[in-house]
Amino acid sequence: MRHLIDITDLSTQEIDELIAVAEDIIAQPEKYQNVCRGKILATLFFEPSTRTRLSFESAMLRLGGSVLGFSEAASSSAAKGETVGDTVRVVSYYADVIAMRHPKEGAPYAACKVSGVPVINAGDGGHNHPTQTLTDLLTIHRERGSLNNFTIGFCGDLKFGRTVHSLVSALARYTGIRFVFISPEELKLPRYLIENTLEKNSLPYEETASLEEAMPQLDVLYMTRVQKERFFNEADYIRLKDTYILDSEKLRLAKPDLAILHPLPRVNEITLEVDNDPRARYFDQAGNGRIIRMALIMKLLGLKA
Amino acid sequence: MNIDSIQNGYVLDHIKAGASMEIYKLLGLDKLDCSVAIIKNAKSTKLSRKDIIKIDALIDLNLDVLGYVDPNITVSVIENGRLAKKIHPQLPEKLTNVLRCKNPRCITSSELQLPSEFLLTDPQKHTYRCAYCDTEYNR
């Protein structure tokens, strides 16, 4: 039985296969509409989410399967003090695959050890978010035709931004990628990622506080939101939340074929005027999330069209 | 100072001076009924000062703990009053229930009954990371 807890649970070959299936789903959606008939996806969301939960549910429904679950801890037995492990053991009897979001880091790892069905990490605190990474990889692949040979800038909250951590880990396994990390001092990428993922593999990277300086060299710009829920101290959040705002003026410095990605939701780090720029790809990216989750659910259930 | 010789048990030797109490706690030796001797600051030609622990029973010894605390420790296994085996513990690839993660956002910080798991990421620096949340620890 396979789980997806960390993006590195999948080999690059498996990721390439998922992307190929996703491309086929886009080309021939009708071929997939009954693949999961009779199967149930449980969405266990101990923390609120719109896109991730709905895209998981939409993915399963588009595959002809059914969904059940909860969308906040208050409406689950967690509110009564039940452990993650107990919840998952029980739900294993009710569903064929589980997608789980939890505010505590490592909760899906704890879950997969006792689950009787595949567990998908749908985000664990500020730690990992592998299906967002698959979404990002599919989007980059669709934009650039390959996952090799480009310069990607990550901008904003690189400390708590789990989507950033997972995407850096995933891209580190491809070739010819340069990383540019744009953040204030307080929100820099964690040292363990720099040392164990980038420096250990001699991958080129730079760290800067200036989005304007980094912009001209970028092929992909990955914007992130400064997440209020990750701060223990509200004063720090208020001080840092508007550090980077991407607007049309800054985009004048960018390449004409730049792809702007954002895991969403955005607050004000990308102005609305940017939405009309053809380089803004974040809404397509959100759509790609449903497609790649369809491919992932099929893989974990061992199903093919 | 006289410490009776052991018939069946272990001698943990070449413990870095001062580290014996940490090992005593991590191995759970306080829960044993048998005799346990802790010798602190013994003279050593190799270390100048060292600690020694003698355990007068062949308990299930967690060598991972010893390898983690100090891979230079030697373990002599005594059977029927004779040296049966000498073990040199290695730095373990995985530590279970030895460390607790200090990251307040880690699930093991709120669900205390979960077994702690740490994986060796850098043998040179003795760096481990929490298998749940990836928080790193250096010894």
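To find a chain, count down the sequence lines: A is the first, B the second, and so on, and within it residues start at 1.
- Between B/Asp30 and B/Tyr24 there is a side-chain heavy-atom pair separated by less than 4.5 Å.
- A heavy-atom distance below 4.5 Å is found between the side chains of A/Leu4 and A/Thr131.
- In this structure, A/Phe70 has its ring center no closer than 6.0 Å to that of A/Phe45.
- Aromatic ring centroids of A/Phe181 and A/Phe154 lie under 6.0 Å apart.
- For A/His165, no part lies under 4.5 angstrom from a heavy atom of chain B.
- Taking chain A as the reference chain and counting heavy-atom pairs below 4.5 Å, the highest number among B/Cys130, B/Cys106, B/Cys101 is found for B/Cys106.
- Neither the backbone nor the side chain of B/Asp122 comes within contact range of chain A; no heavy atoms are under 4.5 Å apart.
- Ranked by non-hydrogen atom pairs under 4.5 Å with chain B, the options A/Gly85, A/Ala110, A/Pro108 are led by A/Ala110.
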